[in-house]
Q: 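Have a look at the structure that comes next, please.
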Amino acid sequence: MMYVRNNNLLERLRIEKKGPFPRTRLLYGGTFDPIHLGHISIIQHLSRILRLERFIILPNRILPKSFPTANVQHRLKMIQLALKNNPLFQIDLREIQNKKFSYTIDTLRSFRSQIGWKMPLGFIIGEDILSSIHTWFKWREILQLCNLLVCKRGKNANYRIDPVVKDWINRHRTKNKNNIFLVPYGTIYFVNNPFIQISSTEIRRRSMNNQDCKDLLPDRVLRYINKNKIYQK
């Protein structure tokens with residue numbers, strides 16, 4: 001595959017197709033330790049506003065933390081419970097099964113080798129992640145493999161963005177969400193998603209201290225955590 005290196009990617013990569021826009025696949029990565037209502041709100045919003053062929057949940061390997069963490073089996077079960085076995089969703093295990101550290105660029109290459117180069121592929125990140133994307137391994141090549149969908153992380157969040165990254169964003173940004181379906185990769189779209197102030201770290205802390213998490217988690221996930229005492233020391 002020859003990468004297209006041109007500022008006008010939208011014209012160079014446009015998929016020639018009559019009729020409705022093609023559907024896209026979205027990748028949503030994270031530790032999901034546990035999956036919570038903040039994650040679910042993003043999933044529901046994107047599922048509602050986009051034409052999706054598949055919404056792929058991509059659990060990451062996790063490093064030891066100061067609070068108790070869930071093992072792979074528990075994390076996967078909680079994701080399954082939260083998404084209610086909806087056929088639109090798929091849990092992909094490639095990062096968990098990789099015994100070495102998984103760079104995002106390698107994961108995206110793996111997906112491209114699987115689905116080819118004509119299928120639109122979206123990768124979801126938060127505004128906070130975008131502000132530090134220049135610290136990622138081979139970060140400039142990410143848009144040669146996917147479209148980035150940047151989700152809000154707070155109502156008044158104001159992240160400092162390196163000038164090099166800002167220029168990169170300006171060259172690839174699109175304000176039309178339909179462009180995510182017109183090109184397989186090469187664009188950045190800022191999602192106007194609802195935001196819920198929840199963190200997995202706070203949930204683990206509350207659970208460890210036997211505090212209520214009812215408004216933070218899907219009911220099925222909360223019952224599963226309590227039943228299995230997942231975050232108890």
Q: Kindly compute the distance separating CD1 (Ile198) from OG (Ser41), expressed to the nearest 0.5 Å.
A: 7.5 Å

Q: Stepwise, does the side-chain contact (heavy atoms from CB on, under 4.5 Å) test hold for Leu88 with Leu83?
A: CA-CA 9 Å; Leu88 176 66; Leu83 300 179; over 6 Å; no

Q: Would you call Asp162 and Lys166 a salt bridge, using N to O less than 4.0 angstrom?
A: no

Q: In Å and rounded to the nearest 0.5 Å, what is the CG to CZ distance from Leu52 to Arg23?
A: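 Rounded to the nearest 0.5 Å, the CG-CZ separation comes out at 7.5 Å.
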
Q: Under a 3.5 Å distance rule, please check whether Asn147 uses its side chain to pair with a backbone N or O of Ile188 as donor and acceptor.
A: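 Such a contact is absent between Asn147 side chain and Ile188 backbone.
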
Q: Do Gln114 and Arg94 meet the criterion of a side-chain donor-acceptor pair at a distance under 3.5 Å?
A: yes

Q: Working note: Phe190 + Arg173, criterion side-chain contact (heavy atoms from CB on, under 4.5 Å); need CA distance, chi angles, decisive distance, verdict.
A: CA-CA 8 Å; Phe190 284 78; Arg173 182 173 183 175; 3.4 Å; yes

Q: Any non-hydrogen side-chain atom of Met78 less than 4.5 Å from a side-chain atom of Ile225?
A: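 Of all side-chain heavy-atom pairs linking Ile225 with Met78, at least one is under 4.5 Å.
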
Q: Would you call the rings of Trp168 and Trp139 parallel, tilted or perpendicular, taking 30° and 60° as the class edges?
A: perpendicular

Q: Whether the side chain of Asp106 engages the backbone of Ser102 through a donor-acceptor N/O pair (distance < 3.5 Å, no angle test) should be reported.
A: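 Answer holds: no.
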
Q: Any chance the side chains of Thr31 and Asn60 put a donor and an acceptor closer than 3.5 Å?
A: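 On atom types as modelled, these side chains do not qualify, holding no pair under 3.5 Å.
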
Q: Any donor-acceptor pair under 3.5 Å linking the side chain of Gln232 with the backbone of Ser207?
A: yes

Q: Does Asp92 reach the main-chain N or O of Ile56 with its side chain, forming a donor-acceptor pair under 3.5 Å?
A: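 Not a single qualifying donor-acceptor pair exists.
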
Q: Any sub-3.5 Å donor-acceptor pair from Ser132's side-chain atoms to Thr135's backbone N or O?
A: no

Q: Classify the angle between the aromatic ring planes of Tyr28 and Phe32 as parallel (below 30°), tilted (30 to 60°) or perpendicular (above 60°).
A: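 Because their plane-to-plane angle is over 60°, the rings of Tyr28 and Phe32 count as perpendicular.
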
Q: Show your working on side-chain contact (heavy atoms from CB on, under 4.5 Å) between Leu93 and Leu76 and close with a plain yes or no.
A: CA-CA 9 Å; Leu93 305 180; Leu76 294 179; 3.7 Å; yes

Q: Going by atom types only, do Arg51 and Thr24 share a side-chain donor-acceptor pair under 3.5 Å?
A: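 Thr24 and Arg51 do not have a side-chain donor-acceptor pair below 3.5 Å.
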
Q: Supply the atom-to-atom distance Ile105 CD1 to Cys146 SG, rounded to the nearest 0.5 angstrom.
A: 8.0 Å

Q: Please say whether the positively charged group of Arg25, taken as NZ for Lys or CZ for Arg, lies over the ring of Phe123, i.e. under 6.0 angstrom from the six-membered ring centre and within 45 degrees of the axis.
A: no

Q: Do Tyr224 and His74 get their side chains close enough for a donor-acceptor pair, meaning under 3.5 Å?
A: yes

Q: Is the shortest distance from a Lys or Arg side-chain nitrogen in Asp212 or Arg206 to a carboxylate oxygen in the other one below 4.0 Å?
A: no

Q: Between the main-chain N or O of Ile43 and the side-chain N or O of Ser47, is there a donor-acceptor pair closer than 3.5 Å?
A: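 Yes; at least one donor-acceptor contact below 3.5 Å.
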
Q: Please walk me through it: do Ile35 and Leu81 pass side-chain contact (heavy atoms from CB on, under 4.5 Å)?
A: CA-CA 10 Å; Ile35 188 170; Leu81 290 170; over 6 Å; no

Q: Please determine whether a side-chain nitrogen of the Lys or Arg among Lys100 and Glu95 lies less than 4.0 Å from a carboxylate oxygen of the Asp or Glu.
A: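 Salt bridge absent between Lys100 and Glu95.
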
Q: Do Asp33 and Tyr231 have side-chain atoms, one donor and one acceptor, less than 3.5 Å apart?
A: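 Indeed, the side chains of Asp33 and Tyr231 share at least one donor-acceptor pair under 3.5 Å.
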
